[in-house]
A.B. asks: 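This is the structure I want to talk about, given as structure tokens.
In what follows, every heavy atom counts, from backbone to side chain, and hydrogens, waters and symmetry copies are set aside. Letters A, B, ... mirror the listed sequences (proteins, then strands); counts begin at 1.
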Amino acid sequence: MKVAKVVVDVPAAQTNKIYDYTIPMHLHDAIEIGMRVIVPFGNRKIMGYVLELTDTSAVERIKDIDSAMDMTPILTVELLELGKWLAEHTMSFYISAFQAMLPQALKANYVKYLHRLSEDQLDERLEALFAGRDYLDYKEAVERDVPLHRLKLAIQAGDVEISYQVNSKETIKKIAMIKLAADEEVIDAYLVDLGKRAKKKREIINYFQANNAPIPLKDLLNQLHTTRQTVKALENDGLLVTFKEEVYRNPYQHRKIIEATAPLPLRPQQSEALGAIVNQLHQKQAGVFLLHGVTGSGKTEVYLQAIGHALELNKEAIVLVPEIALTPQMVERFKGRFGSEVAVLHSALSKGERFDEWRKIQRKEVRVVVGARSAIFAPFDNIGIIIIDEEHESSYKQEDHPRYHVKDVAIKRAENHQCPIILGSATPTMESYARAKKGLYHLLEMPDRMSKNAMPTVHLADMREELHAGNRTMFSRQLQEAISDRLEQNQQIVLFLNRRGYSTFVSCRDCGHVVQCPNCDISLTYHRKHETLKCHYCNYQERMPQQCPKCTSDTIRYFGTGTQKVEEALYQTFPEARVIRMDVDTTRKKGAHERLLAQFGNKQADILLGTQMIAKGLDFPDVTLVGVLAADSLLNLPDFRAAEKTFQLLTQVSGRAGRHLLAGEVVVQTYTPDHYSIQYAAEYNYHGFFEQEMALRRAFQYPPYFYMTLITVLHPNPLKAEEVTRMICKLLQKHLSQDARILGPSPSPIERIKNRYRYQCIIKYKHEPKQHTVLTKVLNYYEDMMRKDDLLIQIDLQPYQLM
DNA sequence: AGCACGCCGACT
DNA sequence: GTCGGCGTGCTC
């Protein structure tokens, strides 16, 4: 007996286990570990992953596997183990972990059909439904409100059957190719017989005589300015034959050819860093390097050369880049160095493109992958190096199931492959730098910029003073002067506005009423395009009111705002300036991001105004002024990392100015110029900031001195949510050690989302080996209530945001 | 998650 | 009787 151990595609606590299925004879050779299979489950059919093959099972009423969905395994043994570890580590379901490791295109798609089995007269409603067809989509029956009991009777009578179909969403793109189908003699004979007027046919044959190789049909038609008809005629005469060929979708095909680059000469601090990494690489040992290099110190070149060494050893490399920094500029650097050895995985690709890039990795056609978070799961089997660029970025933490931090996964994979990891940043997290100082990570420092220019001077503009001086605009006098100056000199400017805490809410100027979402405790944001108000959390929307819903005053306006309003203000103050705005609205369309940056690069604009997305990796030689419009917008968030995030952002943004020949200047507008994060950022003093922030973290018992766990309890009834949270706190108090600090129950920063009230409990601890077991028990205890009573308990081990 | 099964109240 | 709504338990 051949048995497969299968994890089924049902993300629920009750089904989060391994199921046994027998493998029928005809599938013995077809099914391997790591493949997707279709299995019967209850009375339906679903997808599952094969984890193991054995020859015995303790299960009595075991069923047969229905079929295989793959020809070759899509998960390696290492990745299967990693998935199990990930699920256990993050307290998620196995299936969620495996799904997170694969491209969307490989997810199963379920269709339910009604199949008519007999010609006997059915119930009239059913007869009307089938309308002469044998098969139809079950959805249609539901939509047409066919009485379900009648359907049931028909099924019991054997007249109708419900059938289930499992499809994979992946599609392999194929194009039509054409090639010669006859030999020389036949062709010559054909040409002799060909009429004088058949000019095009002759041309086509001549083409193939000159290049006897298959060519995409489309290209042939373009090149010879002919039509499908002519080709078809030759095909009918047996001269040519068309066939389908598999191709990769190429998201970069319309772009200029990327120039190949050779390794650049390194400066001493770069060689030293590289030397340490390469040494480790040769020793074939796992180990974490923290590469602390100021912006413009040449970290990327170190990455590139380290990868070069890994490839020489015949190994593979994974490079992780925050989604937002995965710009064409960045991708180009890797493609320039490693050419067709590179696959790129990021969310701007379509599902099909992502799948194709993934397939290149799976088929061993590339050895380098550059991508966002999920690229850590690249199906390589001989990894030589893993690089995490901008390691402090919060996008490396996945905020829904499985809630993992990519660093933890990277460290696990590095152990599996015995290879080094490089964490690179100008502003490492407190956690990483503290570990490096303790000697747990190898610390590599690159304190100098490559260009001769010093870091740009930072001026702090105190917005309180501006207000006192009667300046009520968004631009301080200092910034206004600087902008005018650059416009005159024909140099470029980057203006940065942090969107968070600065959104476009609508309020009444008379009574101050702010329009809120009816389902969530959050203000609605204004969308000019459709004149609507929208909720970011639950997608609720309503029309922009003409009058205040509270006091009926008609002075209701959208307020604050992000980039749109700044753009208007810019045009008022500097009518001659050409502005490019980059935010979610202007970059929604595919390729828009790239196009806008190219325009700015070609000096088609003077000012680039944008949100987070322009803070990273931009490198334009003529940018000599960077303005930060609201430096403290992050500081006021309820988050113990607020100071750290502010420091990181300011440092990052400042790094965009004066990168080449021209010197740069930064103007930071703030209401709290004395705050240490802003002060240290203005001085580029990472170490000073680190010391002060660490002292605070220690005093308030935050990471890295303490670990944290965030438990969020959601329920439609606020009393119930609070009660359950209180109970959980009590349980934790009882079962964890004396040293664990348990905070709560307290309402979450956003108290209600999608009509569910949210309460939280935070555990701060140094060492709690029992925590995992206790939390599992808590989840088990509430399992019933979660199923039956709309209760939700979310557990985030080491949360990045306390929301 | 779906799906069946069973109990219950409402309706023609 | 007949129909549909919900609570409950199960899926190799």
Side-chain angles (χ1 to χ4, degrees), chain A residues 1-24 27-28 31 33 35-69 84 87 92-100 107-115 123-126 129 137-139 141-158 160-167 169 400-402 714-716 779-794:
Chain A
M1 177 166 75
K2 263 186 109 176
V3 173
K5 306 258 179 200
V6 176
V7 165
V8 294
D9 183 18
V10 183
Q14 287 159 301
T15 50
N16 187 36
K17 54 184 171 187
I18 292 166
Y19 289 86
D20 287 4
Y21 285 91
T22 37
I23 304 175
L27 290 177
H28 274 194
I31 286 173
I33 290 174
M35 281 184 182
R36 294 173 301 163
V37 288
I38 297 173
V39 293
F41 198 67
N43 46 358
R44 39 189 191 134
K45 282 193 187 112
I46 58 173
M47 189 266 284
Y49 294 104
V50 178
L51 294 197
E52 267 177 72
L53 296 175
T54 57
D55 40 25
T56 51
S57 171
V59 177
E60 280 174 35
R61 297 174 63 189
I62 192 164
K63 290 185 186 172
D64 269 0
I65 285 188
D66 181 275
S67 52
M69 285 178 86
K84 279 201 261 179
S92 309
F93 306 131
Y94 293 115
I95 191 71
S96 315
F98 291 129
Q99 302 279 47
K107 274 180 82 174
N109 183 31
Y110 298 100
V111 206
K112 198 171 157 186
Y113 290 104
L114 287 178
H115 183 192
D123 179 287
E124 56 177 324
R125 295 287 300 272
L126 291 176
L129 177 70
D137 202 318
Y138 185 83
K139 252 192 273 165
V142 177
E143 276 161 18
R144 295 238 235 140
D145 249 352
V146 173
L148 290 176
H149 59 279
R150 298 198 188 178
L151 189 55
K152 219 172 177 181
L153 285 178
I155 292 166
Q156 274 164 9
V160 176
E161 174 187 74
I162 294 183
S163 62
Y164 297 84
Q165 201 180 317
V166 186
N167 301 315
K169 287 185 191 140
D400 51 298
H401 273 243
L714 300 89
H715 196 271
L779 286 182
N780 284 342
Y781 180 79
Y782 283 105
E783 197 193 300
D784 240 34
M785 217 184 282
M786 287 166 79
R787 276 170 48 72
K788 292 169 193 161
D789 191 26
D790 232 354
L791 175 75
L792 231 75
I793 299 175
Q794 300 173 342

A.B. asks: Nucleotide range of DNA chain B contacted by chain A, 5' to 3', under 4.0 Å to a heavy atom?
C.D. replies: B:dA1 to B:dA4
A.B. asks: What is the distance, to the nearest angstrom, from the CD atom on A:Glu783 to the P atom on C:dT8?
C.D. replies: 14 Å
A.B. asks: Salt bridge or not for A:Lys2 and A:Asp55, using N-O below 4.0 Å?
C.D. replies: no
A.B. asks: Scan A:Arg61 against the nucleic acid and name what it touches under 4.0 Å (heavy atoms): base, sugar-phosphate only, or nothing.
C.D. replies: sugar-phosphate
A.B. asks: Rounded to the nearest Å, what distance is computed from the CG atom of residue A:Leu153 to the C1' atom of nucleotide C:dT2?
C.D. replies: 11 Å
A.B. asks: Can you classify the ring geometry of A:Phe98 versus A:Tyr49 as parallel (below 30°), tilted (30 to 60°) or perpendicular (above 60°)?
C.D. replies: tilted
A.B. asks: Taking atom P of C:dT11 as reference, at what distance in whole Å does atom CD1 of A:Ile95 sit?
C.D. replies: 18 Å
A.B. asks: To check you understand the geometry: which heavy-atom pair defines the closest contact between A:Asp64 and A:Pro40, and what is its length?
C.D. replies: O-CD, 3.2 Å
A.B. asks: Passes side chain to side chain contact (heavy atoms under 4.5 Å, CB included), A:Asp9 versus A:Gln99? Steps please.
C.D. replies: CA-CA 9 Å; A:Asp9 183 18; A:Gln99 302 279 47; 3.3 Å; yes
A.B. asks: Applying side chain to side chain contact (heavy atoms under 4.5 Å, CB included) to A:Gln14 and A:Glu783, what does each step give before you reach the verdict?
C.D. replies: CA-CA 9 Å; A:Gln14 287 159 301; A:Glu783 197 193 300; 3.5 Å; yes
A.B. asks: Expressed as a whole number of angstroms, how long is the span from A:Tyr110:OH to C:dT11:C1'?
C.D. replies: 13 Å
A.B. asks: Scan A:Lys5 against the nucleic acid and name what it touches under 4.0 Å (heavy atoms): base, sugar-phosphate only, or nothing.
C.D. replies: nothing
A.B. asks: Step through the shown structure and confirm whether more than 12 heavy atoms of other residues, nucleotides or ligands are within 6.0 Å of NZ on A:Lys169.
C.D. replies: yes
A.B. asks: Over how many whole Å does the gap from A:Asn43 atom CG to C:dG9 atom C1' extend?
C.D. replies: 14 Å
A.B. asks: Rounded to whole angstroms, how far apart are NZ on A:Lys152 and P on C:dC3?
C.D. replies: 11 Å
A.B. asks: Once you apply a heavy-atom cut-off of 4.0 Å, does A:Phe41 come out as touching a base, just sugar-phosphate, or nothing?
C.D. replies: base
A.B. asks: Whole Å only: how far is the NZ atom of A:Lys63 from the P atom of C:dT11?
C.D. replies: 9 Å
A.B. asks: Quiz question: going by heavy-atom distance under 3.5 Å, is there a donor-acceptor pair between the base of C:dG7 and the side chain of A:Arg787?
C.D. replies: no
A.B. asks: Would the number of heavy atoms belonging to other residues, nucleotides or ligands and lying under 6.0 Å from OH of A:Tyr110 be above 12?
C.D. replies: yes
A.B. asks: For a quick check of understanding: with a heavy-atom distance under 4.0 Å over all strands, which category does A:Gln14 fall into, base, sugar-phosphate or nothing?
C.D. replies: base
A.B. asks: Base, sugar-phosphate, or nothing: which does A:Tyr164 touch, judged by heavy atoms less than 4.0 Å apart?
C.D. replies: sugar-phosphate
A.B. asks: Which whole-number value in Å describes the distance from A:Glu60 CD to C:dC10 P?
C.D. replies: 15 Å
